[in-house]
**Q** 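One structure, as structure tokens, below. Some questions next.
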Number of protein chains: 2
Amino acid sequence: MRQSAERGTRERILEVAEASLGEHGYHGTRLHDIAHRVGIQKASLFHYFPSKEQLYRAVLDEGFGHAEQTIARVLASEGSALDKVRALVAAYVDMVAAHPARTKLLLRQSLGDAPSGYHSADSERLLRQVASFVTEAQRQHLLAPIDPLGIVLGVVGMVAFFFTSAPVLAPNWLPDPWGSASIERVKRHVVSVVERCLTGGGAPDDEAAALPAQPSTVQPSR
Amino acid sequence: MRQSAERGTRERILEVAEASLGEHGYHGTRLHDIAHRVGIQKASLFHYFPSKEQLYRAVLDEGFGHAEQTIARVLASEGSALDKVRALVAAYVDMVAAHPARTKLLLRQSLGDAPSGYHSADSERLLRQVASFVTEAQRQHLLAPIDPLGIVLGVVGMVAFFFTSAPVLAPNWLPDPWGSASIERVKRHVVSVVERCLTGGGAPDDEAAALPAQPSTVQPSR
DNA sequence: GTCTATATAGGGATAGAC
DNA sequence: GTCTATCCCTATATAGAC
């Protein structure tokens, strides 16, 4: 909206910062490194972002925004409920594989990497959108009645884990973690798992607990 | 094996350090905090551990050791293959729920929280043990032929994600994340998912890729 | 084995020239 | 908008008394 020179540098900073924050976490990231990799001096960063924390938030917002767009696009597409589920998984896997640093960053954030409790309402809304879609399809008996949010959270965690942690824990499983062969393999695997969980088959997995929101039994004082 | 006074303090340091490292990560953890919570002065820590990094390794080793014992015990127990799978899941969920900080720590470690690449061969060996068990049971047609390491890694990531990230991303799902009600709920859910994946049912999910170790097609230059 | 005091370094942030 | 120089604080680690 303003100077054209500023835009380019700002975006490069965000890009490099995402990589660095994903790789080393908030506290492990050095502003000096970011500046160096961008090709400017550390002090120049403060012309674009007033503090490390604000840079962090900017990177985070961009990551969530991108994810939200992707999800919304797939949910709005055509096809059966099961088709959409497959498409959601595929899109999510593609996104994770295309942006490993961003994925690490979001994982770290949910582990509590933030300086102070920076809590994004975006993540909740995003998950609810997908879970609601599953719930609705289940109400119409298009999908098997397994705990919807459980499945969604499970897939999110599983896929993220495949691409971020698995290469460290089991380097032989995905020999080339971000190659297209690995992406397709994970996609097939996860789609397979999800299909087995969301189609016909087995016992209805405690329908009672499927969408409680306020189970009345908890809060053991401690 | 030596002084009784040392043992107690050393263990308390390890305990507190695990909590702190899990909560804030390596770079976010302050030795001053650990010392303060143990009730000693910061300098006294260096009597037990020569550096922050060595303390980190000690905590990590203890975590892996504990996990390995648990896995080994369950694998050595009696019962059918499916029984053992259920028991493995249950034991793993219990472990994660009982030691949230340790779980966070191991997750962080696999994201690359280490100061320098401290790579534990333990994790690989541990995963291979479980995956081998699944593979063997599949060879005897006791379990469905889904990618073994994929299932194991998936469960590991899924459960860890439920207890560490889900409370942040979807606080309504597990209202009391570490209460017994939540533990049982996650256990039922994961067992349900695993059963659907490892029993009869669907298509054989690319058996070819099930245990390649060296797929000959990869290494797309970059 | 625990303390107080201190050395040393590194990183976030600011001032001000150009 | 980018630089150099510098402030200021905090964190790891050490020295040495008790």
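Proteins get letters first, then strands, A, B, ... in listed order; numbering begins at 1 in each. Note that the structure is a prediction, hence the values are computed from the model and not measured.
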**Q** Could you report the tightest heavy-atom contact between B/Glu68 and B/Gln129, atom names first, then the distance?
**A**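 Scanning both residues, the minimum pair turns out to be OE2-NE2, 3.8 Å.
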
**Q** Quick one, B/Val190 and B/Tyr92 - any side-chain contact, counting heavy atoms below 4.5 Å?
**A**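 Not touching, per the 4.5 Å side-chain cut-off.
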
**Q** Looking at B/Ser44, I'd like to know whether one of its side-chain N or O atoms comes within less than 4.0 Å of OP1 or OP2 on C/dT4.
**A**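 No, outside the criterion.
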
**Q** Output the rounded distance in Å from CZ (B/Phe49) to P (C/dT2).
**A**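 The distance from CZ of B/Phe49 to P of C/dT2 comes to 12 Å, rounded to the nearest Å.
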
**Q** Taking the basic N atoms (NZ, or NE/NH1/NH2) and the acidic carboxylate oxygens, is any pair closer than 4.0 Å for A/Asp147 and B/Arg188?
**A**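 Between B/Arg188 and A/Asp147 there is no salt bridge, as every charged N stays at least 4.0 Å from the carboxylate O atoms.
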
**Q** Could you go through nucleotides 11-13 of chain D and list every protein N or O atom that sits under 3.5 Å from one of its N or O atoms, giving the distance for each pair?
**A**
{"residue": "D/dT12", "atom": "OP1", "partner": "B/Thr29", "partner atom": "O", "Å": "3.2"}
{"residue": "D/dT12", "atom": "OP1", "partner": "B/Leu31", "partner atom": "N", "Å": "3.2"}
{"residue": "D/dT12", "atom": "OP1", "partner": "B/Lys52", "partner atom": "NZ", "Å": "3.4"}
{"residue": "D/dT12", "atom": "OP2", "partner": "B/Leu31", "partner atom": "N", "Å": "3.3"}
{"residue": "D/dA13", "atom": "OP2", "partner": "B/Lys52", "partner atom": "N", "Å": "2.9"}

**Q** Under 4.0 Å between a Lys/Arg side-chain N and an Asp/Glu carboxylate O for B/Glu15 and B/Arg12?
**A**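 No, this pair does not count.
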
**Q** Are the side chains of A/Met158 and B/Phe161 in contact, using a 4.5 Å heavy-atom criterion?
**A**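 Of all side-chain heavy-atom pairs linking A/Met158 with B/Phe161, none is under 4.5 Å.
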
**Q** How are the rings of B/Trp173 and B/His189 set to each other: parallel, tilted or perpendicular (split at 30° and 60°)?
**A**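 Taking B/His189 first and then B/Trp173, their aromatic rings stand perpendicular (interplane angle over 60°).
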
**Q** Among the nucleotides C/dT2, D/dC3, C/dC3, which one has an atom lying closest to any side-chain atom of A/Gln41?
**A**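 Closest of the options to the side chain of A/Gln41: D/dC3.
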
**Q** Would you say A/His36 and A/Arg30 make side-chain contact, with heavy atoms under 4.5 Å?
**A**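 No, their side chains stay 4.5 Å or more apart.
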
**Q** Is there a residue in residues 17-24 of chain B whose heavy atoms reach under 4.0 Å of DNA chain C, and which residues are they?
**A**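 Those residues whose heavy atoms fall under 4.0 Å from DNA chain C, taken from residues 17-24 of chain B, amount to none.
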
**Q** Whole Å only: how far is the CD atom of A/Gln54 from the C1' atom of C/dA13?
**A**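 Taking atom C1' of C/dA13 as the reference, CD of A/Gln54 is at 13 Å.
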
**Q** In whole angstrom, give the distance that lies between atom NE2 of B/His27 and atom P of C/dG12.
**A**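 Nearest whole value for this atom pair: 12 Å.
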
**Q** Kindly state each residue pair satisfying ring pair (Phe, Tyr, Trp, His ring centres under 6.0 Å) with at least one member in residues 51-73 of chain B, sequence neighbours excluded.
**A**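 Only B/Tyr26-B/Tyr56, B/His66-B/His99 qualify under ring pair (Phe, Tyr, Trp, His ring centres under 6.0 Å).
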
